[in-house]
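Throughout, protein chains are lettered first and strands after them, A, B, ... in sequence-line order, and every chain is numbered starting at 1. Just so it is clear, the structure is predicted and the values come from calculations on it, not from any experiment.
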2 protein chains.
Amino acid sequence: MNSLTEENYLKALFNLSGGKGEATVNELSRQLGIKMPTVNSMMKKLAEKKLVLYQSYKPLKLTDKGRKEAAMVIRKHRLTEMFLVEKMGFGWDEVHQIAEQVEHIHAPVFFEKMDLLLGFPKVDPHGSPIPDKNGKMDWVNYRKLSDCNAGEAVILAAVTHSSDEFLKFLNSRDLGLGVKVKIKSVEIFDGSMIVSYGKRNAEALSKMVCENLLVH
Amino acid sequence: MNSLTEENYLKALFNLSGGKGEATVNELSRQLGIKMPTVNSMMKKLAEKKLVLYQSYKPLKLTDKGRKEAAMVIRKHRLTEMFLVEKMGFGWDEVHQIAEQVEHIHAPVFFEKMDLLLGFPKVDPHGSPIPDKNGKMDWVNYRKLSDCNAGEAVILAAVTHSSDEFLKFLNSRDLGLGVKVKIKSVEIFDGSMIVSYGKRNAEALSKMVCENLLVH
DNA sequence: TTATAAAGTTAGAGTATCCTAACATTAAAA
DNA sequence: TTTTAATGTTAGGATACTCTAACTTTATAA
Ligand SMILES: [Mn+2]
Ligand SMILES: [Mn+2]
Ligand SMILES: [Mn+2]
Ligand SMILES: [Mn+2]
């Protein structure tokens with residue numbers, strides 16, 4: 001049984017390695033806000049537990065076991081977010097911090113029940129895929145809105161950053177997943193877009209915003 | 001902000017002192033399954049935080065602040081149990097261990113939402129009162145079934161011990177809160193009772209069982 | 001009222017998680 | 001290819017929480 005701390009290291013490493021399965025001590029350190037020496041010794045500990053492959057001065061890599069246990073934490077996080085939004089009435093901008101805590105609860109039936117009540121959802125409220133019980137998840141190959149061209153009409157499918165501030169910004173512009181957006185023009189010099197959707201006819205979105213929106 | 005560990009000490013002390021507000025180091029030690037020296041130093045720490053009154057060799061006592069923070073943990077525990085039973089479909093024998101973990105989540109809105117969705121319940125699935133946001137709770141003055149007499153008809157209102165085994169035992173006999181029980185006879189030598197309720201006409205309940213059932 | 005038992009406390013130590021400072025290795029730049 | 005910067009590691013220490021062993025105080029029993 002992994003501790004809360006260990007679960008956080010596994011999750012962070014999983015998120016960094018994003019499928020590929022590699023990250024450096026330095027990256028993990030920055031991701032977690034924990035100093036490198038601390039990360040270094042935790043990696044040795046997780047290597048003892050066969051969750052991480054550790055070799056001095058080489059990149060870190062999750063083992064299959066480590067990848068699976070990380071995926072289960074992410075599964076718990078995303079099921080929780082979905083449950084909070086769909087069954088308890090929270091906004092998608094209110095659930096991350098709560099899920100950060102709930103994800104560490106050790107009670108498989110609790111999350112299986114959420115899954116059942118939700119009807120076995122495939123994605124969370126931010127469009128991120130929910131791993132199945134075997135730790136598998138399929139990342140649909142979405143495009144960044146910033147990679148689309150003027151004239152295209154696309155549907156918002158996911159956000160890559162789900163900070164409160166960004167989600168509240170989207171709320172303030174009536175932007176949510178499923179919204180159909182038409183790209184009216186793209187500014188060359190700053191990458192910003194003018195788009196229309198719903199009742200809004202000429203909304204300006206900065207390049208930064210467009211980079212954090214995934215569409216299909 | 002109290003740690004998970006501190007919250008468990010406060011809750012245990014609250015439960016022991018049951019309103020009166022006193023318990024010994026020894027009692028608390030046994031309640032928590034933590035050795036006396038450890039309890040002793042934690043009490044000094046909580047005294048520093050003005051949550052406990054500590055004097056060498058004297059009984060421990062929660063301060064008003066300590067009592068209130070303990071009540072909030074118990075509130076979170078019992079709201080969680082109620083939510084798990086009423087909104088997620090768990091049995092009353094399945095929720096305690098989950099609630100032991102969820103009670104430590106620091107997210108007031110999460111529990112306020114539960115409270116709202118539940119319609120501001122006054123008691124949990126085991127008949128225990130749920131403290132309000134100010135930490136106040138009214139213990140209705142129930143009688144123990146074991147203190148009732150032959151011929152009386154009473155309604156089960158609460159259980160004093162909510163171990164899985166006990167609750168599963170009650171389930172197996174179709175006994176739950178709200179069940180109307182008629183006492184047919186009481187055995188003098190072992191305090192056991194013969195009772196009837198629902199479709200059951202002559203069920204024997206040991207003294208131990210009767211002592212853990214509260215009625216009105 | 002002593003002697004004994006129970007309860008409470010102090011001292012010293014171990015594990016988990018984190019840190020800073022110093023040193024080592026690797027990667028990047030000159 | 002040396003020099004420098006970035007990254008990684010080791011050493012030593014801090015805090016939170018836990019323990020056992022030894023000692024003190026209080027309560028109980030002779
Ligand atoms: Mn999240
Ligand atoms: Mn999410
Ligand atoms: Mn409980
Ligand atoms: Mn309960």
| message | What's the separation between atom CG in B/Leu46 and atom CG in B/Leu60, rounded to the nearest 0.5 Å? | response | 9.5 Å
| query | When rounded to the nearest 0.5 angstrom, what distance separates CG in B/Leu10 from OG1 in B/Thr5? | reply |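 Result: 11.0 Å between the selected atoms.
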| request: For B/Thr63 and B/Leu51, indicate whether the former's side chain and the latter's backbone hold a donor-acceptor pair under 3.5 Å. | output: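 Checking the backbone N and O of B/Leu51 against the side chain of B/Thr63, a donor-acceptor pair under 3.5 Å is found.
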| Just by distance, do the side chain of B/Asn134 and the backbone of B/Lys136 share a donor-acceptor pair under 3.5 Å? | no
| Taking CG from B/Leu32 and C1' from D/dT18, how many angstroms apart are they, rounded to a whole number? |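 Between C1' of D/dT18 and CG of B/Leu32: 13 Å.
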| task | Round to the nearest Å and state the distance from A/Leu28 atom CG to D/dT9 atom P. | result |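 So the two atoms are 12 Å apart, to the nearest Å.
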| request: List the protein contact pattern of nucleotides 2-8 of chain C with one symbol per nucleotide (5' to 3'): B for base contact, S for sugar-phosphate-only contact, - for none; contact means a heavy-atom distance under 4.0 Å. | output: -----SB
So which protein nitrogen or oxygen atoms get under 3.5 Å of nucleotides 12-17 of chain C's nitrogens or oxygens?
from, atom 1, to, atom 2, distance (Å)
C/dT17, OP1, A/Ser3, OG, 2.8
C/dT17, OP2, A/Lys45, NZ, 2.2

| What are the two closest non-hydrogen atoms of B/Leu28 and B/Tyr9, and how far apart are they? |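 Heavy-atom minimum between the residues: CD1-O, 4.2 Å.
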| Of all heavy-atom pairs between A/Lys11 and A/Glu100, which one has the smallest distance, and what is that distance? | NZ-OE2, 2.9 Å
| Between B/Glu69 and B/Lys49, is there a salt bridge with N-O shorter than 4.0 Å? | no
| Between A/Glu6 and A/Lys45, is the closest basic N to carboxylate O distance under 4.0 Å? |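 Counted as a salt bridge, because a side-chain N and a carboxylate O are separated by less than 4.0 Å.
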